[in-house]
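Step one of this worksheet: look at the structure below.
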Amino acid sequence: MSGYSVIVKKINLAVMEDKELAEHIKSEAEQYIPFDINDVYLDYQDLKTNTENSEFTDIMLVAAKKDVINAYLEMLTSIGLQAVVVDVDAFALENSFEDQINSGQNFILIDIGASKISINIIAHGASILARDVVMGSRQITEQIKEKLNIEAEEAENLKIGGQKTGEEEKKAIEEIMVNNCSQWILEIKKAIDFYASNYPEDKISRIILSGGGSKIKGLDKFLNNELNMETEIFNPFAKAEVSAKIDRDYLAHIAPEMAIAAGLALRPVIL
Ligand SMILES: Nc1ncnc2c1ncn2[C@@H]1O[C@H](COP(=O)(O)OP(=O)(O)OP(=O)(O)O)[C@@H](O)[C@H]1O
Ligand SMILES: [Mg+2]
């Protein structure tokens, strides 16, 4: 599921019975959600962070606008498909990292799509901060189109590595790329700073990139230099058995864009 508003908050609640908790969350949630509570689907998960010394537990609260979700569901129904699970991009992606999460590693998942960047900081065995930023690779295409006064298709082709006609064109595209990537990095920095101010003693040192935007040449090195964190591009098929019918080069090429779909596919569904 992509492209809808998601708000994720952690709220502390004393441990309660499940039914009591559900009712309490609905009334508590209102203060955290900048929309009418009746316009959003709400879900939550008890992260069970209560200890022997504290009866408080953290709750992960997720809200998504009903009209956005319903539009996706209607689209699926209209082509004869029934959705059995709706998930948040960042959490679907997380499914591919269960081993690392359970072993207590700290890292940050960054999925750069066409119109949004999902940032998910994982530490202490759970998602600490998940945030969508309304920026993405489509903006680059739009800016190239405007700057060079060309069709969108041609701009997209130039963005993904198509042959540039001259030095001036090359320079203009490079400038647009650097500007956008710099803005993305600023947003990523904000999330990391937020984490660091809450957990100063427990640093994150690894970034895992996915999404079509992560294929921008040199972006991983740029992030590595700017944030001083080991940066890698995720391949969701690294451990998958691949049928001989599937072209390996094609699979490697689309792997970053497939990260969320692959994560969602890992999620068990109880019908
Ligand atoms: N080599 C590349 N360099 C830059 N951008 C690229 C490259 N290859 C693909 N993209 C861009 O990646 C985007 C598609 O990526 P992805 O499939 O992850 O997005 P999406 O999931 O459709 O969008 P969103 O997550 O924002 O809803 C497109 O904007 C495409 O132009
Ligand atoms: Mg996406």
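Since the structure is predicted, the reported quantities are computational estimates derived from the model, not experimental observations.
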Could you tell me whether [X] atom [atom1] has more than 12 heavy atoms of other residues or ligands within 6.0 Å of it?
| X | atom1 | answer |
| --- | --- | --- |
| E175 | CD | no |
| E52 | CD | no |
| N228 | CG | no |
| N102 | CG | yes |
| H124 | NE2 | yes |
| Y41 | OH | yes |

So that I can tick it off, tell me whether [Y] and [X] are bridged by a salt bridge, with the cut-off set at under 4.0 angstrom between side-chain N and carboxylate O.
| X | Y | result |
| --- | --- | --- |
| E168 | K171 | no |
| K215 | E257 | yes |
| E142 | K145 | no |

For this session: Quick one: do D39 and D67 satisfy side-chain contact (heavy atoms from CB on, under 4.5 Å)? Show the steps, please.
Result: CA-CA 8 Å; D39 292 343; D67 53 0; over 6 Å; no
Do [X] and [Y] have side-chain heavy atoms sitting under 4.5 Å apart?
| X | Y | value |
| --- | --- | --- |
| W184 | L219 | yes |
| I33 | L42 | yes |
| L186 | K190 | no |
| I192 | I204 | no |
| E94 | I101 | yes |
| I246 | F237 | no |
| I59 | Y44 | yes |
| N106 | K203 | no |

Problem set entry | side chain to side chain donor-acceptor pair (under 3.5 Å) partner of D111, the single match among S210, S214, S118 | S210
Where the side chain of [X] meets the backbone of [Y], is there a donor-acceptor pair that is under 3.5 Å apart?
| X | Y | value |
| --- | --- | --- |
| K66 | N38 | yes |
| N224 | M229 | yes |
| N95 | G263 | yes |
| D220 | T231 | no |
| K159 | S137 | yes |
| Q139 | M135 | no |

For this session: Check I150, I144, L158 against E169 for a side-chain contact (heavy atoms from CB on, under 4.5 Å) and give me the one that passes.
Result: L158
Can you name the closest pair of heavy atoms from [X] and [Y] and give their distance?
| X | Y | answer |
| --- | --- | --- |
| A152 | T141 | O-CG2, 3.7 Å |
| L209 | I112 | CD2-CD1, 4.3 Å |
| I216 | C181 | CD1-SG, 4.2 Å |

Straight-line distance of [X] [atom1] to [Y] [atom2], nearest 0.5 Å:
| X | Y | atom1 | atom2 | result |
| --- | --- | --- | --- | --- |
| I108 | I121 | CD1 | CD1 | 4.0 Å |
| K116 | R131 | NZ | CZ | 15.5 Å |
| I117 | E187 | CD1 | CD | 7.5 Å |
| I233 | I207 | CD1 | CD1 | 11.5 Å |
| F234 | I208 | CZ | CD1 | 7.5 Å |
| E174 | N179 | CD | CG | 11.5 Å |

Could you tabulate the donor-acceptor pairs under 3.5 Å formed by side-chain atoms of residues 77-86, not counting sequence neighbours?
from: T77; atom 1: OG1; to: L73; atom 2: O; distance (Å): 2.7
from: S78; atom 1: OG; to: M75; atom 2: O; distance (Å): 2.6

